[in-house]
Amino acid sequence: MSQYTRRNFLKGGAAVAGATLLPAARAQGARVKVGLMLPYTGTYAQLGVAIENGFRLALAEHGGKFGGREIEFYKVDDESDPGKAPENANKLVQRDKVDVLVGTVHSGVEMGIIKVVRESGTLHIIPNAGADAATGGMCAPNIFRTSFSNWQPPYPLGKILMDRGLKSAVFITWKYGAGEESLGGFRDGYSKAGGKIVKELFLPFPNVEFQALLTEIAAIKPDAVVCFFAGGGAAKFIRDYAAAGLKGKIPLFGAGFLTDGILDAVGDAAQGIETTLHYGDGIETKRNKDFRLAYAKTFLLQPDVYAVQGYDAGLLLAAGLAAVKGDINNKAGMIKAMEAARIDSPRGPWTMSKAHNPIQDIYLRRVVGKENKVIGVAHKALADPARGCKMV
Ligand code: PHB
C-alpha cells in the first residue's frame, strides 16, 4: 500500500468506528457515507484496488470533498462471489446505512447488488461490472454506471475482423454473465458484418485450465479466436495461448480487458494482441497524460481501465453532490445532475445514456511493449441498446 492509500485507509477506519455513535438523523454538514463493495481477493482483486485508487484520486483532486462534504468510506470485500452478494450489499445498505454504494467488478455479484438497491432506493454507481441488465431490463433511476455494458466493447470487433478477411471465429470465455454477454455483443457486430462464429467454448469462472480447449481450437483452425477474460485469468490465458503454439498462427482478439492491468505480468506472450475497449494507455490527450502522471505518483502503479472507471465514478458523484450543494438527501436533484453530467474522463469526454450507461468511443488497441497502444477508433460514441429498459 502506498503512503497515500494507507493514510486514507486509516482515516476511513477511524471514521467507521466513530460513526456508530452518531444519532440516526445526521446533521447537514456530516460526512457523506460511501460504501465500496469490490473484490479485494481472488482473480479480480487487482481490479478492485485500481477502482478504489481511482475513486480516491478523484476525491483528492477535489480537495477531499465532493459538494463541500467530506467522505467516509465503508468497505466490503465481495470476493467476486455472487452467492454472498445480497448479504454483502446489505452490510453496506442496512447495517452501515451508506448514502451511496459504489461497486462492483463481477457481473454476477452486480445482479445481487441491483436487487438490494432497487428495493432500498440507495444511490448506486457501478465502476466496472458490465451486466447488461443493470442498464437494460433492471435499469432504475438510482442506478448509474461509469464503465460499460458487456455488449459495448466487443460489438465493434466483428467489423474489424471482417475488414481483414477473418470470416470464421471461435469465441472462448468463462461461463457467466460477463462472458456470455460479451459473446452476445461480438456476435451482434460480427454477424451483421457477415462473419460466422463456428464454435463457442466455455469454462466455469474463475477456472484457468485452458489446455483441452486450446487443443480443440487448434483442431478447428478458425480464422480468428475472440475471447473475454480479465484479471489474473486473462494473464494465464495469454501465456497458455502462446505456449500451445497458437500465437502467430491464429490471431487472438478480445474485449480489451484481456490485456488491461496484466502487461507487466505477461511480457512477450501479449505482444501484438489487438482488442477493443473504451480506454487505451496511450491516448494522446493532456487530460489522459495528467491523469496517468498523478495516478503513478500517488500509487506508484500504472493506471488501467479499472482505475479510470473508479476515477470517473468519483467525478460523477462530485457532479451530483456539487449540483445539490452537498445535500445528499436531495436525491432527485442529484439524479438529475448525474443524468446531465458530461464526464471529462481520461478516456475522453462521455455522457450518460437515458438508461444511465456511458455513451463513449470504443478504441482499437494493440499491445506494444508494456502498453495498450491506441491505433484507431473502432466505433465513435457507441451507446448500449439498453434492451428492456423502461426509462429509455
Ligand atoms: C464483469 O463481470 O462484468 C467483468 C469483470 C471483469 C472485467 C469486465 C467485466 O474486466
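For the numbers below, each heavy atom of this structure counts, side chains included, while hydrogens, waters and symmetry mates do not. For ligands, and for the atoms within them, numbers begin at 1 and follow the listed sequence.
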So which protein heavy atom does atom 2 (O) of ligand 1 come closest to, and at what separation?
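Looking only at protein heavy atoms, the one closest to atom 2 (O) of ligand 1 is Y176 OH, 2.5 Å.
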To check your reading of the model: name the closest protein heavy atom to atom 10 (O) of ligand 1, its residue, and the distance in Å.
Y306 OH, 2.7 Å
Mark up the atoms of ligand 1 that fall under 4.0 Å of a heavy atom belonging to [X], in ascending order.
X	value
F148	8 (C), 9 (C)
A230	6 (C), 7 (C), 10 (O)
H106	2 (O)
A129	3 (O)

Do R164 and E274 meet the salt-bridge criterion of a basic N to acidic O distance under 4.0 Å?
yes
So, H106 versus F205, ring centres under 6.0 angstrom or not?
yes
Can you tell me if N150 and S182 form a side-chain donor-acceptor pair at under 3.5 Å?
no
Quick check: [X] and ligand 1, any N/O pair under 3.5 Å apart?
X	value
Y44	no
S107	yes
G130	yes

Closest by any non-hydrogen atom to atom 4 (C) of ligand 1: pick that one out of V105, L277, N150, T43.
V105
Measure [X] to ligand 1 on non-hydrogen atoms and call it side chain, backbone, both or neither using the 4.0 Å cut-off.
X	value
W174	neither
F228	side chain
N128	side chain

Inspect the surroundings of NZ in K331 and state if more than 12 heavy atoms from other residues, nucleotides or ligands are less than 6.0 Å away.
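Buried by this count: over 12 neighbours within 6.0 Å.
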Just verifying a value: how many Å separate N357 CG and I126 CD1, rounded to the nearest 0.5 Å?
8.5 Å
For K65, what residues pass the side chain to side chain donor-acceptor pair (under 3.5 Å) criterion, not counting sequence neighbours?
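Applying side chain to side chain donor-acceptor pair (under 3.5 Å) to K65 gives none.
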Tell me, do F229 and I238 make a side-chain contact under 4.5 Å, heavy atoms counted?
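Of all side-chain heavy-atom pairs linking I238 with F229, none is under 4.5 Å.
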Do K175 and P204 have side chains that approach each other closer than 4.5 Å (heavy atoms only, starting at C-beta)?
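The answer is no; the side chains never approach within 4.5 Å.
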Clusters formed by hydrophobic residues whose side-chain heavy atoms approach within less than 4.5 Å: which one holds L382, and what are its other members?
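Direct or chained contacts put L382 with W151, Y155, I362.
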